[in-house]
Enquirer: 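Next up is a structure, given as structure tokens.
Just so it is clear, the structure is predicted and the values come from calculations on it, not from any experiment. For ligands, and for the atoms within them, numbers begin at 1 and follow the listed sequence.
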Amino acid sequence: MSVQFIDFTRQNEVIKSEVDAGWAAVIAKSSFIMGPQVKAFEEEFARYCGVKYALGVNSGTDALYLALSALDIGPGDEVILPTHTFIATALCVSYTGAAVKFVDVEDVTYNIDPEKLAKVVSKKTKAIIPVHLYGQMANMDQIMAVADKNGIAVVEDACQAHGAKYKGVRSGAMGKAGCFSFYPTKGLGAWGDGGAVITNDDKIKYMVEMLRDYGRTDRYSHKMKGFNSRLDTMQAVVLSAKLKHLDEWNAMRQKAAAVYAEELGRIGVAVPRQAADRDHVYQTYAIRVKNRDKVMENLKARGIPSLIHYPIPIHLQEAYLDAGYKAGDFPVAEKIAAEILSLPLFPHMTPDQVKEVVRALKESL
Ligand SMILES: *Cc1c(COP(=O)(O)O)cnc(C)c1O
């Protein structure tokens, strides 16, 4: 039996007829840009997340960039973020002209270490971006405490944690703003690019609405130099159809993850650990193995694909050499980067498929 890394065939079938009807309605009105379906999705997503506002934008990267811009972050400012994340978390800071300040991550959750975070706060720090990596939220109470004590904004990178919870609160709803990607492979994925900023803050809502639409206040008036970063109406239709199933699909991910944890725990593999106060949605199922590259090769030979999220921490990426970091600066992140291995996982994965991966992994170790 071959297993794909991600297979959304069945998920797509579930929403296909609803999307077909929705798309026909968009085409009939030619309302391709900011059609009523965008507003409808924004309201549904805000309600789902438990916040006042959701604003559709064209990617997760732009969601982060526009949220930071709405907070007036720019040259001379510093933004703190974990080094073990997807590159976009850092790129959005660089786009504003602010400096990136990397922090190491926790060995258990792979998320930003709040104690190390507290030590790098300076007078220039304007924001902290906790990343809820792989589907599990960061230690938000401690992060919010550091932020509040120093008067710093928290912008959550929830691009991998749609629907995840921390003490019952949804990802993205605790900081000043929460940023989501709807890239197709994310927990809530469009059939193309998409993203959203969520917030309870009226000023951020006002700013992001303006920034995503050429800085416009009305058709002909432009208050600031904004951008073109809107959520496509066609994608909003797909997202509304999928959102109805998100909790169910996350529960299916959790079920597959539980089978992995039981089977792999038994043979001593380091499996993801869920903190007691959090709901992990397993956007990515990352185990740790010592001889990672060899294991990957062995898995591949047995028809099982695996990936690495992520092999190079951002402080060691060529693009960030100018930030002045070096190997050894963040030992936990560097160790994780060398050992981490993502196994196939998607909502409609069958128990047989999970067991097939487990069997191949046992042989591969
Ligand atoms: C996917 C992702 C992004 C960027 O989202 P795009 O929609 O691809 O621009 C940012 N941060 C994290 C952690 C991500 O996983």
Side-chain angles (χ1 to χ4, degrees), residues 5-6 8 41 45 54-69 79-96 100 102-103 105-106 109-112 127-138 140 143 154-164 171-172 175 177-198 208 211-212 227-232 235-236 238-239 242 253 272 280-286 307-315 317 319-320 333 336-337 340 342 345-346:
F5 189 76
I6 292 178
F8 285 153
F41 169 70
F45 194 58
L55 305 152
V57 296
N58 77 0
S59 70
T61 305
D62 273 17
L64 287 159
Y65 174 48
L66 297 188
L68 294 177
S69 302
V79 176
I80 299 174
L81 67 154
T83 185
H84 182 62
T85 179
F86 182 57
I87 189 85
T89 317
L91 292 176
C92 67
V93 176
S94 303
Y95 298 158
T96 67
V100 289
F102 295 115
V103 172
V105 293
E106 298 175 324
T109 65
Y110 310 141
N111 285 324
I112 194 164
I128 300 166
I129 310 182
V131 181
H132 307 317
L133 207 68
Y134 305 152
Q136 175 164 235
M137 285 179 68
M140 288 303 287
I143 293 164
V154 170
V155 174
E156 293 175 64
D157 182 340
C159 290
Q160 298 189 8
H162 310 68
S171 67
C179 300
F180 291 86
S181 165
F182 302 129
Y183 183 82
T185 58
K186 306 284 164 129
L188 179 63
W191 288 351
D193 274 311
V197 176
I198 68 168
V208 172
L211 288 168
R212 73 176 173 186
F227 310 91
N228 174 354
S229 180
R230 298 160 305 214
L231 178 65
D232 266 12
Q235 298 306 337
V238 176
L239 292 166
K242 281 198 178 183
R253 287 178 185 274
H280 198 315
V281 293
Y282 298 100
Q283 150 93 52
T284 296
Y285 195 86
L307 292 172
I308 307 168
H309 300 99
Y310 301 89
I312 307 171
I314 317 248
H315 71 281
Q317 290 284 358
Y320 278 94
I336 289 168
I340 210 92
S342 308
L345 192 135
F346 47 91

Enquirer: Give the intermediate values and the outcome of side-chain contact (heavy atoms from CB on, under 4.5 Å) for residues Arg212 and Leu66.
Expert: CA-CA 7 Å; Arg212 73 176 173 186; Leu66 297 188; 3.9 Å; yes

Enquirer: Under the side-chain contact (heavy atoms from CB on, under 4.5 Å) criterion, do Tyr320 and Val100 qualify, and how do the steps go?
Expert: CA-CA 9 Å; Tyr320 278 94; Val100 289; 4.0 Å; yes

Enquirer: Can a non-hydrogen atom of Val131 be found less than 4.0 Å from any atom of ligand 1?
Expert: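 Right, Val131 reaches ligand 1.
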
Enquirer: Only heavy atoms of Ser59, strictly under 4.0 Å: list the atoms of ligand 1 that pass.
Expert: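 That gives atoms 7 (O), 9 (O) of ligand 1.
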
Enquirer: Taking only non-hydrogen atoms of Gln283, do any sit less than 4.0 angstrom from ligand 1?
Expert: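 It does not, in that no heavy atom of Gln283 comes within the 4.0 Å cut-off of ligand 1.
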
Enquirer: Below 30° counts as parallel, above 60° as perpendicular, anything between as tilted: where do the rings of Phe102 and His315 land?
Expert: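 It falls in the tilted class, 30° to 60°.
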
Enquirer: What pair of heavy atoms forms the shortest contact from Ile143 to Val154, and how long is it?
Expert: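 That would be CG2-CG2, 4.3 Å.
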
Enquirer: Do me a favour and list the nearest non-hydrogen protein atom to atom 9 (O) of ligand 1 with residue, atom name and distance?
Expert: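 Protein heavy atom at minimum distance: Thr61 OG1, 2.5 Å.
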
Enquirer: In terms of ring plane angle, is the pair Tyr310 and His84 parallel, tilted or perpendicular, where the classes change at 30° and 60°?
Expert: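 The rings of Tyr310 and His84 stand perpendicular, inter-plane angle above 60°.
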
Enquirer: For atom 13 (C) of ligand 1, what's the nearest protein heavy atom and its distance?
Expert: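 In this structure, atom 13 (C) of ligand 1 has Asp157 OD2, 3.4 Å as its nearest protein heavy atom.
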
Enquirer: Any nitrogen or oxygen of Asp193, main chain or side chain, under 3.5 Å from a nitrogen or oxygen of ligand 1?
Expert: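 In this structure, Asp193 places no N or O atom under 3.5 Å from an N or O of ligand 1.
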
Enquirer: Around atom 14 (C) of ligand 1, find the nearest protein heavy atom and jot down its residue, atom name and distance.
Expert: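 Its nearest protein heavy-atom neighbour is Lys186 NZ, 3.0 Å.
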
Enquirer: Using side-chain contact (heavy atoms from CB on, under 4.5 Å), reason through Val79 and Val155 one step at a time and then give a plain yes or no.
Expert: CA-CA 10 Å; Val79 176; Val155 174; over 6 Å; no

Enquirer: Within a distance under 4.0 Å of any heavy atom of Thr89, pick out the atoms of ligand 1 and give their elements.
Expert: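 Numbered from 1, ligand 1 contributes 11 (N).
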
Enquirer: How long is the straight-line distance from CD of Gln317 back to CD1 of Ile87, given to the nearest 0.5 Å?
Expert: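 These two atoms lie 5.0 Å from each other.
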
Enquirer: Name the option, out of Gly189, Ser181, Ala190, that contains the heavy atom nearest to atom 5 (O) of ligand 1.
Expert: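 Shortest heavy-atom distance from atom 5 (O) of ligand 1: Ser181.
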
Enquirer: Looking at Phe8, is Lys242 sitting on its ring face, NZ or CZ under 6.0 Å from the six-membered ring centre and within 45 degrees of the normal?
Expert: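 That pair qualifies as a cation-pi contact.
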
Enquirer: Using a 4.0 Å cut-off to any heavy atom of Ala88, which atoms of ligand 1 qualify?
Expert: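 Atoms satisfying the 4.0 Å criterion: 3 (C), 4 (C), 10 (C).
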
Enquirer: Between Gln160 and ligand 1, does any nitrogen or oxygen pair lie at a separation below 3.5 Å?
Expert: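 Yes; at least one N/O pair falls below 3.5 Å.
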
Enquirer: I need the atoms of ligand 1 closer than 4.0 Å to a non-hydrogen atom of Gly60, numbered in the order shown.
Expert: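 Result: 5 (O), 6 (P), 7 (O), 9 (O).
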
